[in-house]
2 protein chains.
Amino acid sequence: MERPELPLQQLHAFVVLAEELHFGHAAARLGIAQPPLSQQIRRLEGKVGHALFSREPGRVGLTPAGRELLPAARRALADLADGLAAARAVGSGRTGRLRIGFAASLALTVLPGLLRTFRHRFPGVHLDIHEMTSAPQIAALHDRTIDVGLLREPPTDEPELGFRTVLSEPFVAVLPLAHPLAAQRTVHLAQLADSPFVLLPRAVGPRFHDQIVGLCTAAGFTPRIAQHAVEWQTVCALVETGLGVSLAPAGIRRIRLKGVAYRRITPDTARTRVAVAWRENDQNPLVGHLLATVSHERPDSHDRPDGLPAAAPGSRS
Amino acid sequence: MERPELPLQQLHAFVVLAEELHFGHAAARLGIAQPPLSQQIRRLEGKVGHALFSREPGRVGLTPAGRELLPAARRALADLADGLAAARAVGSGRTGRLRIGFAASLALTVLPGLLRTFRHRFPGVHLDIHEMTSAPQIAALHDRTIDVGLLREPPTDEPELGFRTVLSEPFVAVLPLAHPLAAQRTVHLAQLADSPFVLLPRAVGPRFHDQIVGLCTAAGFTPRIAQHAVEWQTVCALVETGLGVSLAPAGIRRIRLKGVAYRRITPDTARTRVAVAWRENDQNPLVGHLLATVSHERPDSHDRPDGLPAAAPGSRS
DNA sequence: ACGCTCCATACGCCTAGAGATATCAGGTCA
DNA sequence: TGACCTGATATCTCTAGGCGTATGGAGCGT
C-alpha cells in the first residue's frame, strides 16, 4: 500500500460526474461552479495518466479506464463514509461493546436494574456480561479482558484502576430455622461465637472475607469455619442442612429457602460496599456512560470512597 | 455519499501508525519526520471528532473508535490502489476487453493469425469474437456493441468510422467439377455468362454483392442468380450439387469439397478488399493496438484505401 | 540526578489545489 | 446566421495542510 495519489475530493467529483455525465449538473450537485469541476477531473486524469471521460461534443461518457476506476472509487467513498460514521458512533458511545464482570451475588441486587437502565439509554451497545469473583475481575481489568467490574470491597492499592461505591449493604446472619437465634429479630454478632461458619473461600474475595473475619474479631471471637462454598446459593443450602451459620450481604435474602432464616445484625455499622471498577485511563466512552448510569441509577447511596472520582474516562485534555 | 472529509494521506498515516503503534517508526515508514505525523493524526482525530489512538506514555494503542475506523481505511486504500492500477492497465491497453465482429469467410484467412498475434502481444486482453456479416458490423460499431469489425468492401460514407484495408484478395470462380470450364486453369469472367449463379444475399454485404454484379456487368453480362445462401460453405455445397457457379474471394478455397473446383479469374484486377473498421473517436487503446497489430501482421499488402489512417484512436491531444 | 526515549508543541515555509469570474470554442437548432 | 448549450481555458485569490527544525515535557532506566 503506497502513498495514496488520488485526492478523495477529486474521486468524489469523479463519481458524481460519472453518474450525471454532464459537467454542469454534476457541478451543481457538488455545489461548485463548472470550471472547478473541469479542473478537478483534469487533475484526476493527470494523476491516473489516462482520460477517464470521453468528451465528445454533446455527450460525456466514461472511457474504459474510467469504467474500471468507478467501482473502486465508489467503494472507497462508501467505506470511508461508513467507517467514519461507525467510528463516530463508537467514539461518542452510541455504539460499541462493553465487557462487564460482576460478582455472582450482585445478580440479585444491583446488576439487573443497572443493565436495564443502561440498555435503555444506549440501545446500540452490546454488553458482554461475565460472572466472575473479585480477584479475577481485578486481573481481567488489567488484562483488558473486561472494561468494568462490579465487586465487593474494592481494594485500595490499585493505582491504575478507579473505584466507586455503588451500594452499601448491611450484613445479615444466615441461620438454620432450627437455630435458637432464629427466634430473635436481630442477632448480636457475639451470639454467633459458638456456631460453626459456612463462608466463601478467601481467594474468591480476600477483602470481603477478611472483613467478615474482622467483624467477628471485633465482636470478640474468631469464627470457626466449618465449610467453604463458592456460591451463595450453596452457602445457604449448607446452612439449611444445619452445617453452620453464615454472615452475608443483605441482598442474598432474595435466595429463599424453606429452612433458612435471615436476621439483622447488630451492630448495624457492619456493611459491605459494592463498587464499580474501571481502568482509570480507559478511552472507551462507554465506561464513562456506565459510570454515569450507575450514579443516576442510585443517586441516594453516594459514599465517595477511594479511587479518584475525578474526570470521567474517555475525556481527554 | 456526502463530501468526503478525511484526506487520504491522513488515512494512510493512520493505517501505518495503527500497524506500527509507534510514532517514530511509523513516521520513518512514511518517509517523514515524527512531528508532521503527530500533526496528521491530530488533524484526522479532529475531523473524526474522537481520539483514534491512546497515547499512554510508553505505549500507543488504538481506541475503540480507531479500531472501528481502521478496517474501513484499509479497505478504502486498497480499493483505490487496486482501482488505480486497473484503470492504468486498461488505460494503457495492457488489459481490458475488445469486442470484434468478423465476416464468416475471414475465419479462413486473416482472422486466425490476427488473433494469435494479438493474444501473444496482449495476453491480458479478453477478446470477444462475434461472427456477423458486414451490415450488422457497421450497425454494431455505431451501437458500440463491437469495437472493431473485420469485413469486406468497406463503405465510403461512414464519417464516424475509420477503415483500413487488411488484405486484397483476388476472386476465384467456384465451379462444379462437371462444369466444362473446370477443365481450364483460368476462367474468363465472360465465360460464366450462361451459368446460373449461387451468391450470398445482397443484404449480407451490399457492396460486396454489388461488386460481383459489377464485375459481371463489366464482362458484358448480367448474372442470373439461381439461388442465395448465407454462408460460403453452403454456396460451395450448392455449387457442388450443380445448382450453379459462383464468384468468391480466393480465401474460400480452404473449403475443400470433392465435387468443386476453384479457378483463377481473368481479368485478375478483380479483387475484394478485406478491411478493419473502428469508431474514429474510440478512446479504447486496445483498438489502436489491434490496428497496429494488423499493420505488423501483414506489412506487405498495404493499400491505404479510404478512411483516414490519421491518428490512432486512443491518443488525445 | 542524568540521560534517553517518545510524543507533543510551536513556528515558519511553501505548494497544491479548491474556488470564483470572465472568456473562448465547438456544436445544435431555429 | 445568430442564440444557446456545453465544456475548456485563463487568471486570480486564498487557505488548508504537509513538512521541516527547534524545543518542551513526561517516564524510565542506570
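Treat the numbers as computed from the prediction; the structure is a model and nothing was measured. Computed from heavy atoms alone, side chains included, the values below leave out hydrogens, waters and symmetry copies. Naming: A, B, ... by sequence-line order, numbering from 1 per chain.
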Problem set entry | Residues in ring pair (Phe, Tyr, Trp, His ring centres under 6.0 Å) contact with His209(B), at least two apart in sequence or another chain | none
For this session: Give a yes or no answer on whether the side chain of Gln211(B) reaches the backbone of Glu153(B) with a donor-acceptor pair at less than 3.5 Å.
Result: no
Exercise. Can you tell me if Gln34(A) and Ser38(A) form a side-chain donor-acceptor pair at under 3.5 Å?
Worked result: yes
For this session: Take the protein atom CG of Leu30(B) and the nucleotide atom C1' of dG20(D), then report the distance between them rounded to whole Å.
Result: 15 Å
Exercise. Which of the following nucleotides, dG17(D), dG19(C), dA8(C), is nearest to the side chain of Lys47(B)?
Worked result: dG17(D)
For this session: Consider the side chain of Phe23(A), meaning its heavy atoms from C-beta on, and name the nucleotide among dG7(D), dG18(D), dG19(C) that approaches it most closely.
Result: dG7(D)
Problem set entry | Spacing of Leu52(B) atom CG relative to dC7(C) atom P, expressed in whole Å | 16 Å
Problem set entry | Closest to side chain of Pro36(B), choosing from dT9(D), dC19(D), dC7(C) | dC19(D)
Problem set entry | Proximal nucleotide (of dT9(C), dT21(C), dG7(D)) relative to the Ala33(A) side chain | dT21(C)
For this session: For dG17(C), take OP1 and OP2 only and decide whether either is under 4.0 Å from a side-chain N or O of Gln9(A).
Result: no
Problem set entry | Residue whose nearest DNA chain D nucleotide is more 5′ - Gln34(A) or Pro35(B) | Gln34(A)
For this session: Take atom CZ of Arg55(A) and atom C1' of dT6(D), then tell me their distance rounded to the nearest Å.
Result: 12 Å
Exercise. Looking at Leu62(A), Val48(A), Leu37(A), which one forms a side-chain contact (heavy atoms from CB on, under 4.5 Å) with Phe14(A)?
Worked result: Leu62(A)
Exercise. So which of Asp282(A), Asp147(A), Asp128(A) actually passes salt bridge (charged side-chain N to carboxylate O under 4.0 Å, His left out) with Arg99(A)?
Worked result: Asp147(A)
For this session: Between dA8(D), dG20(D), dA20(C), spot the one nearest the side chain of Ile32(B), thanks.
Result: dG20(D)
For this session: Answer with base, sugar-phosphate or nothing: what part of the nucleic acid does Gln39(A) contact at a heavy-atom distance below 4.0 Å?
Result: base
Seminar exercise, completed: In whole angstroms, the gap separating C1' of dG27(D) from NE2 of His22(B) amounts to 14 Å
Problem set entry | Leu17(B) CG - dC6(C) P separation (whole Å) | 14 Å
Problem set entry | Nearest-Å distance for atom pair CG/P, residues Leu11(B) and dG18(D) | 11 Å
Exercise. Phosphate oxygens OP1/OP2 of dG7(D): is one of them under 4.0 Å from a side-chain N or O of Ser38(A)?
Worked result: no
For this session: Check the distance between dG17(D)'s P and Gln10(B)'s CD and give it to me in whole angstrom.
Result: 6 Å
Problem set entry | Closest to the Arg43(A) side chain, choosing from dA18(C), dG17(D), dG7(D) | dA18(C)
Exercise. When the distance from CZ of Arg59(B) to C1' of dA26(D) is rounded to whole Å, what number comes out?
Worked result: 16 Å
